[in-house]
Amino acid sequence: MQHPRLEAALARAARDLGAADDVTVRLERPRETAHGDLAANLAMVLAQQLGRKPRELAGELVDRLDLQALQIESAEIAGPGFINFRVSRDFLFDGLRHVCRAGRDYGRGDWGAGSRVNVEFVSANPTGPLHVGHGRGAAVGDTIARLLEFTGHDVCREFYVNDAGSQIDKLVDSISARHRQLEGESAAIPEGGYHGEYIVDLARELASDLADELAADASPEGRARVRRRAIERVIEEQRRTLEALRVQFDEFRSETELRESSSIEETVEQLTERGLIYEREGARWLRTTDFEDDKDRVLVKSDGSYTYFLPDIAYHHDKAKRGFDTAIDIWGADHHGYVPRMTAAMRALGLEKEFFEAVIVQLVRIERGGEEVKFSKRAGEFVTLRDLVDEVGADVTRYFFLERGPQQQMVFDLDLAKERSEKNPVYKVQYAHARIRSVYRRGDIDPEGIDFDADLSPLVETSAHEMIKTILGFPEVVEAAARSREPHRITAYLENLANELNSWYHAGTRDASLRVLGQEEAVTNARLVVVRASETVLRNGLELLGIEAPESM
RNA sequence: GCGCCCGUAGCUCAAUUGGACAGAGCACUGGGCUUCGGACCCAGGUGUUGGGGGUUCGAAUCCUCCCGGGCGCGCCA
């Protein structure tokens with residue numbers, strides 16, 4: 001719940017009492033209802049600066065406020081110096097009307113206006129199907145992108161295709177070997193090659209028109225053709241899987257194309273000009289230790305080829321050149337060790353420390369019946385992301401991945417995921433939405449026609465008031481989630497709202513006078529306004545998560 | 001050995017970024033259930049926040065040292 005006018009009034013009062021001009025006032029919603037609706041710790045912060053007693057200061061601050069004009073019912077000084085405010089009903093009702101009026105835009109913010117953000121995620125090697133870890137990264141990355149868009153940023157979702165490394169040669173060799181095996185020849189999958197069943201499928205598919213190119217004595221040109229086709233097919237498959245998860249990208253950038261451009265040379269040149277590159281033992285090193293990395297890093301090996309790091313730097317450099325103010329990468333936990341060196345490299349190029357940011361997503365463990373479902377890529381038998389989405393659906397997959405903080409290792413409980421009851425949090429939230437839509441149908445109500453400008457004083461129950469306060473807290477939660485890059489704040493919030501809504505609603509099963517429908521017109525209408533506002537928040541919240549808000553279930 | 005992440009109720013996780021008596025959902029126990037949509041509703045209680053020390057009006061949150069888990073530490077990608 002926000003109250004900008006109260007914040008401003010408090011700031012003014014604080015300045016009157018000698019606080020600095022840039023004094024910041026933060027209002028919080030206390031967990032304890034006895035502590036009111038909004039609490040200010042201002043007096044305690046100020047007491048330190050001014051060398052005065054907090055409670056005394058609190059009293060003087062309150063004296064300087066026009067409570068009635070601010071729609072504040074009461075202001076109490078409590079504990080060590082908190083000021084606890086209780087808002088008036090009119091404040092809540094005005095807020096509720098605002099929610100209904102804003103509709104799909106409720107919760108939208110503009111603090112990101114003018115800022116261009118590149119969010120890079122998944123970026124899997126084009127050597128096979130995506131696994132569940134990629135799925136978590138995809139859900140998190142896409143949702144962070146949605147959060148940033150909703151808070152006013154200009155966002156680009158990007159997938160970097162590592163189509164240039166030696167792993168691609170292994171892919172081609174593996175397909176070729178499988179092809180020859182299918183032809184009855186003896187051929188072995190190369191060391192470090194790919195064993196999965198999908199390689200056999202690829203071999204079959206490509207054999208229809210590239211049989212000669214798959215032979216052992218294929219020409220380099222032939223191999224290049226196989227290479228292109230194989231990459232194309234694998235990426236296409238990955239893209240479809242992601243689409244099934246409702247993840248779509250604005251850009252696919254290819255490492256091969258990057259290498260063919262002059263980007264890498266330009267980046268090296270720029271680093272050289274800055275005097276940050278030196279030679280040692282035949283290799284060329286970047287002095288990342290100047291920027292808080294543990295050790296310097298090799299960019300060009302002694303044999304003249306690039307380390308993987310150099311194209312990566314050039315690629316991220318390119319993001320800056322394309323005009324992005326911020327580059328956020330979603331990385332798996334196994335890459336966290338690379339954060340300091342990439343940050344250092346960006347600073348070496350003269351970019352702000354804040355330009356590059358990595359969100360580290362921890363590993364996923366899949367369980368069924370309390371047992372881990374193993375996925376071992378080497379043995380070729382693994383649970384792919386596709387399998388998971390096919391089994392439990394996009395909504396559940398996304399929700400489960402988003403429900404926990406990215407840094408938290410998580411257990412994906414397949415049994416719970418398939419549960420179609422309120423035990424399963426995603427159903428609970430979706431159900432709350434479906435139930436609201438059902439109320440409209442049952443009451444033959446046009447939700448667009450609900451008169452939210454009408455008198456709302458029939459809303460007398462505290463349960464309704466509490467729910468309104470929750471509803472009015474949505475924009476803050478959205479902003480906090482976007483700033484901290486933590487989608488799970490949204491799921492936690494929605495679950496809480498769904499619980500409140502459900503118990504408010506269920507009160508009607510015990511006491512008919514508490515139902516929405518079938519009351520005196522003014523009462524029904526006022527309750528419908530609450531319903532409508534709840535629906536708005538549930539829908540907007542689910543939209544942010546990329547999860548459907550169903551009409552019925 | 002060094003670095004990063006994590007450790008919160010029996011389980012899975014929160015905790016408004018330093019705020020007040022640490023909260024939800026499962027699970028558990030008891031009581032309801034004649035329907036605006038359910039295997040549903042209501043009421044219970046559960047904690048030395050892994051442990052010790054420190055910083056301050058105030059710490060799960062910051063610092064430090066231990067314990068335990070995960071992941072990293074290539075001129076591999």
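If you're wondering where the values come from, they're calculated on a predicted model, not measured in any experiment. Per chain, numbering begins at 1; letters A, B, ... match sequence-line order.
Evaluation of atom-type donor-acceptor distances gives no pair under 3.5 Å for the side chain of Glu403(A) against the base of rC13(B). Contact of Ser302(A) with rC75(B) (side chain to base): a donor-acceptor pair of N or O atoms is detected under 3.5 Å. Put simply, the side chain of Asn499(A) and the base of rA24(B) share no donor and acceptor less than 3.5 Å apart. A donor and an acceptor atom sit less than 3.5 Å apart, one in the side chain of Tyr338(A) and one in the base of rA77(B).
Stacking annotation: Phe82(A) is not stacked on the base of rG19(B) (requires ring centroids less than 5.5 angstrom apart and an interplanar angle below 30 degrees). For Tyr308(A) and rC76(B), the ring-to-base geometry does not satisfy the stacking test (centroid distance below 5.5 Å, interplanar angle below 30°).
Within a 6.0 Å radius of NZ in Lys353(A), other residues, nucleotides and ligands contribute 12 heavy atoms or fewer.
Here Asn41(A) lies in heavy-atom contact (under 4.0 Å) with a base. Residue Val439(A) is out of contact with every strand shown, counting any heavy-atom pair closer than 4.0 Å. Counting any heavy atom pair closer than 4.0 Å across all strands shown, Ala39(A) reaches a base atom. Note on Pro425(A): nothing from the nucleic acid sits closer than 4.0 angstrom, heavy atoms only. Backbone-only engagement by Gly405(A) is indicated by non-hydrogen atom pairs under 4.0 Å involving sugar-phosphate atoms exclusively. Residue contacts shown for Arg31(A) include a base, since a base heavy atom lies under 4.0 Å away. Gly518(A) comes within 4.0 angstrom of nothing in the nucleic acid, heavy atoms only. No engagement by Arg284(A) is indicated, since no non-hydrogen atom pair under 4.0 Å with the nucleic acid exists. Using a 4.0 Å heavy-atom cutoff across all strands shown, Leu517(A) reaches at least one base atom of the nucleic acid. Contacts of Phe309(A) with the nucleic acid, taken as non-hydrogen atoms under 4.0 Å apart, are absent. The residue Arg404(A) sits close only to the backbone: its heavy atoms come under 4.0 Å of sugar-phosphate atoms, none of a base. The residue Leu299(A) sits apart from the nucleic acid: no heavy atom pair falls under 4.0 Å. Within the nucleic acid shown, Met553(A) comes within 4.0 Å of at least one base atom, counting heavy atoms only. Nucleic acid contact class of Ala434(A) (heavy atoms, under 4.0 Å, all strands): base.
Separating the P atom of rA20(B) from that of rG31(B) is a span of 37 Å, rounded to the nearest Å. Comparing rA15(B) with rA24(B), their C1' atoms sit 10 Å apart, to the nearest whole Å. Taking the P atoms as reference points, rC33(B) lies 45 Å from rG19(B), given to the whole Å. With both ends at atom P, the span from rG23(B) to rG44(B) equals 14 Å, rounded to whole Å. Taking the C1' atom of each, rG10(B) and rU46(B) are spaced 9 Å apart, rounded to whole Å. For the C1' atoms, the distance from rC63(B) to rU55(B) is 7 Å, rounded to whole Å. Taking atom P on both rU12(B) and rU34(B), the two are 37 Å apart, rounded to the nearest angstrom. The gap from the C1' atom of rC57(B) to that of rA14(B) amounts to 27 Å, rounded to the nearest Å.
Salt-bridge annotation for Glu257(A) and Arg253(A): absent, with no side-chain N of the basic residue lying under 4.0 Å from a carboxylate O of the acidic one. Between Glu476(A) and Arg483(A) there is no salt bridge, since no side-chain nitrogen of the basic residue lies less than 4.0 Å from a carboxylate oxygen of the acidic one. The residues Lys469(A) and Glu500(A) are annotated as not salt-bridged, no charged nitrogen and carboxylate oxygen being separated by less than 4.0 angstrom. A salt bridge is absent between Asp294(A) and Arg341(A); no separation between the charged side-chain nitrogens and carboxylate oxygens falls under 4.0 Å. Salt bridge Lys319(A)/Asp329(A): present, at least one basic N to carboxylate O contact under 4.0 Å.
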Pairs under 3.5 angstrom, nitrogen or oxygen only, protein versus nucleotides 1-9 of chain B, please.
unit_1	atom_1	unit_2	atom_2	d
rG3(B)	N2	His336(A)	NE2	2.6
rC4(B)	O2	His336(A)	NE2	3.3
rC5(B)	O2'	Gln362(A)	NE2	3.4
rC5(B)	O2'	Gln407(A)	O	3.4

Please tabulate, one pair per line, each protein N/O and nucleotide N/O from nucleotides 26-31 of chain B that are separated by under 3.5 Å, including the distance.
unit_1	atom_1	unit_2	atom_2	d
rA27(B)	OP1	Lys423(A)	NZ	3.0

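Under the side chain to side chain contact (heavy atoms under 4.5 Å, CB included) test applied with Thr127(A), the options Val234(A), Ile168(A), Asp163(A) reduce to a single match, Ile168(A). Remark: of the listed residues Phe159(A), Phe309(A), Tyr160(A), Tyr306(A), Tyr160(A) is the sole one forming a ring pair (Phe, Tyr, Trp, His ring centres under 6.0 Å) with Tyr315(A).
Each of rC36(B), rA77(B), rC41(B) was ranked by its minimum atom distance to the side chain of His506(A); first place goes to rC41(B). Set against rC42(B), rU16(B), rC21(B), the side chain of Glu32(A) has rC21(B) as its closest nucleotide. Closest to the side chain of His35(A), from the set rA77(B), rA20(B), rC71(B), is rA20(B).
Counting heavy atoms from C-beta on, the side chains of Phe400(A) and Leu416(A) come closer than 4.5 Å.
Note on ring orientation: taking the six-membered ring where Trp is involved, the planes of Tyr338(A) and Tyr308(A) are perpendicular (angle over 60°, cut-offs 30° and 60°). The aromatic rings of Trp331(A) and His316(A) sit perpendicular to each other, their planes meeting at more than 60°, with 30° as the lower class boundary.
When atom types are taken as modelled, the side chain of Ser174(A) and the backbone of Tyr194(A) share a donor-acceptor pair closer than 3.5 angstrom. Listed for the His433(A) side chain is no donor-acceptor partner under 3.5 Å among the backbone atoms of Gln430(A).
Taking atom CD1 of residue Ile83(A) and atom C1' of nucleotide rG19(B), one finds them 14 Å apart after rounding to whole Å.
The base-pairing partner of rC75(B), taking Watson-Crick or G-U wobble contacts with both distances under 3.5 Å, does not exist among the strands shown. Across every strand in view, rA43(B) sits in a pair with rU29(B) that passes the Watson-Crick or G-U test at under 3.5 angstrom. Nucleotide rC4(B): paired with rG70(B) (Watson-Crick or G-U wobble, both distances less than 3.5 Å). When both distances must be under 3.5 Å, the Watson-Crick or G-U wobble mate of rG19(B) is rC57(B).
The phosphate of rG74(B) has neither OP1 nor OP2 within less than 4.0 Å of any side-chain N or O from Lys301(A). OP1 and OP2 of rC36(B) both lie 4.0 Å or more from every side-chain N or O belonging to Arg442(A). Applying the 4.0 Å criterion to OP1 and OP2 of rC57(B), one finds that Gln48(A) has a side-chain N or O inside that range.
Of the residues in residues 487-496 of chain A, His488(A), Arg489(A) come within less than 4.0 Å of RNA chain B through at least one heavy atom, sorted by number.
Side-chain contact, Glu495(A) with Tyr399(A): a donor N or O sits under 3.5 Å from an acceptor N or O.
When each of Ala34(A) and Arg280(A) is assigned the nucleotide of RNA chain B with its nearest heavy atom, Ala34(A) is the one assigned upstream, toward the 5' end. In terms of position on RNA chain B, the residue among Glu255(A) and Ala40(A) whose nearest nucleotide sits closer to the 5' end is Ala40(A).
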Subject >> Intermediate values then yes/no, ring-ring contact (aromatic ring centres under 6.0 Å, His included), Phe91(A) and His3(A) >> reply: CA-CA 9 Å; Phe91(A) 178 81; His3(A) 199 326; 4.4 Å; yes
